[in-house]
Enquirer: 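Let me begin by handing over the structure; questions about it come next.
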There are 2 protein chains.
Amino acid sequence: MLKAVQSRTLKTRAKLIAAAEAVIEENGYEAMRVEEVVLRAGVAKGTFFAHFPDKEELMDQLIGARIDTCLDQIAKAPTPQTITDMVDALMPLVAFMSCERYVFDVIFRHSGAATIDKTGVIAMTFEHQAKIVSAWLKDSPFRRDVTPDLLAEGIQAFLMQAIALNFCALHCEFAMRDRIVQYLQAWLAPDIRA
Amino acid sequence: MLKAVQSRTLKTRAKLIAAAEAVIEENGYEAMRVEEVVLRAGVAKGTFFAHFPDKEELMDQLIGARIDTCLDQIAKAPTPQTITDMVDALMPLVAFMSCERYVFDVIFRHSGAATIDKTGVIAMTFEHQAKIVSAWLKDSPFRRDVTPDLLAEGIQAFLMQAIALNFCALHCEFAMRDRIVQYLQAWLAPDIRA
DNA sequence: TCCATTAATTGACCGTGGTCACTTTATTGA
DNA sequence: TCAATAAAGTGACCACGGTCAATTAATGGA
């Protein structure tokens, strides 16, 4: 008998999420304040923390949802056959992940499951992304001396690296794309004859 | 005529850094509180922020110094000739970088130069590390189809990835080392004949 | 219908990083 | 030697995430 969740609860949570989305829409993720959210939702501050263990948890859900949208789009498209196609397929995701330094930091902190039982939304999107990319690689013209899973993990590492470097000095999306292409070329299609 | 720095300034700064190191020694980086530091240093809170733009800046210096110590040790040792030797050479650095989740996050946030002119201590250690590894690779039995600089960048990406994953679920150093070896094997010595 | 029990909500309060107008101390030049 | 000027230091104050004992609302018998 663990039936207990009241409809009131759902309504309050929905109000909080809607308010947060509105605030973010106006001023971006970094500028989101818990006080502003509860004010707009018309509830007390304590209520927020009754629904989310901390501010980051809400961020995890909101940012995770956005990533999932990107991934659904990516999964829908045909399997890329070249590295540049692959990079271009991933670019919408990369663009969102690098839209704000704060967003990138949150994603980074949540990119792995904190514990076995408590996997966050963002952590799940990373597994999802790895699955998509791994599936691409299962039947691809790229290297086969290591597993698609490992290659997918490596791609994630390179994406994070490219985005991190992109936040340094200048914030130019073209340089980032070129860097990713370079990384994935070396990672997916090494040419050891040279 | 931009001669102005008083000896008092140096003394105060030294007191602050010493106090911070003492606090960290006792309770770890994450537990460091600015109030505790200024209390021990015998100065007012405002003085702290006259010397460091924010708490993270002090962390950058303290953590950066520790990383530099690791790198000096690494640079002193003979050039590793196998991948496992290379990983073992890097492990002291990896061990420090993963000693606390908080430390890793600070390192991550500061791993790149924020702007051209204002490069932090940690950011400089990353360049330093890349140089060391790149030098190893210049005369190595590993792949030569891409530049040593690119390989070094990739190694950094894989180290960060391995440490990040290691914070998930369980915090076991052996698994981390194995993962790094696997990554670097695939990165440095691809076998596309397979 | 009413009461007992559990769930949801509240808001005063706290911890901690960071600010800034003001005070104190050092330096410079006549 | 002594203002005038600049540098260093101060601490009350603020912003904001997070806590918790108390309060209010919902639920399920009898």
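These numbers come from a predicted model, not from an experiment. Throughout, a chain's letter reflects where its sequence line sits, starting with A, and its residues are numbered from 1.
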Enquirer: Return whichever of A:Gly46 or B:Met32 has its heavy-atom-nearest nucleotide of DNA chain C closer to the 5' end.
Expert: A:Gly46
Enquirer: Between P on C:dG15 and CZ on B:Arg33, what's the gap in Å once rounded to a whole number?
Expert: 12 Å
Enquirer: Side chain of B:Arg8 only, please: which of C:dT25, D:dA26, D:dG18 is the nearest?
Expert: C:dT25
Enquirer: Give the rounded distance in Å between these two atoms: CD of B:Glu56 and C1' of C:dG17.
Expert: 11 Å
Enquirer: Can you tell me the distance, in whole Å, between the CZ atom of A:Phe48 and the P atom of C:dA8?
Expert: 17 Å
Enquirer: Mind calculating the distance between NE2 (A:His51) and C1' (D:dG17) to the nearest angstrom?
Expert: 17 Å
Enquirer: Could you tell me whether A:Glu127 and A:Lys131 make a salt bridge, using a distance below 4.0 angstrom between a side-chain N and a carboxylate O?
Expert: no
Enquirer: Whole-Å distance between D:dG18 C1' and A:Glu36 CD?
Expert: 18 Å
Enquirer: Expressed in angstrom and rounded to an integer, what is the separation of A:Asn27 atom CG from D:dC16 atom P?
Expert: 12 Å
Enquirer: To the nearest angstrom, how far is A:Leu16 atom CG from C:dT9 atom P?
Expert: 9 Å
Enquirer: Which heavy atom in B:Ser98 sits nearest to a heavy atom in B:Met176, and how many Å separate them?
Expert: OG-CE, 3.6 Å
Enquirer: Give a yes or no on whether a salt bridge exists between A:Arg109 and A:Asp105, defined as a side-chain N under 4.0 angstrom from a carboxylate O.
Expert: no
Enquirer: Quick check for you: among D:dC16, C:dT9, D:dG18, whose closest atom lies nearest to any side-chain atom of A:Glu35?
Expert: D:dC16
Enquirer: Are A:Arg143 and B:Asp191 ion-paired here, with the side-chain N under 4.0 Å from a carboxylate O?
Expert: no
Enquirer: Other residues, nucleotides and ligands only: do more than 12 of their heavy atoms fall within 6.0 Å of CE on A:Met124?
Expert: no
Enquirer: Atom NZ of A:Lys45 to atom C1' of D:dA21: distance rounded to whole Å?
Expert: 17 Å
Enquirer: Identify which nucleotide among D:dG17, D:dT10, C:dG11 has an atom closest to any side-chain atom of B:Ala44, counting heavy atoms from C-beta outward.
Expert: D:dT10
Enquirer: Of the options C:dT19, D:dA25, D:dG9, whose atoms approach the side-chain atoms of B:Phe49 most closely?
Expert: C:dT19
Enquirer: Can you tell me which nucleotide in D:dG18, C:dT10, C:dG17 comes closest to the side chain of A:Val43?
Expert: C:dT10
Enquirer: Under 4.0 Å: is that the gap between some side-chain N or O of B:Thr47 and OP1 or OP2 of D:dA8?
Expert: no
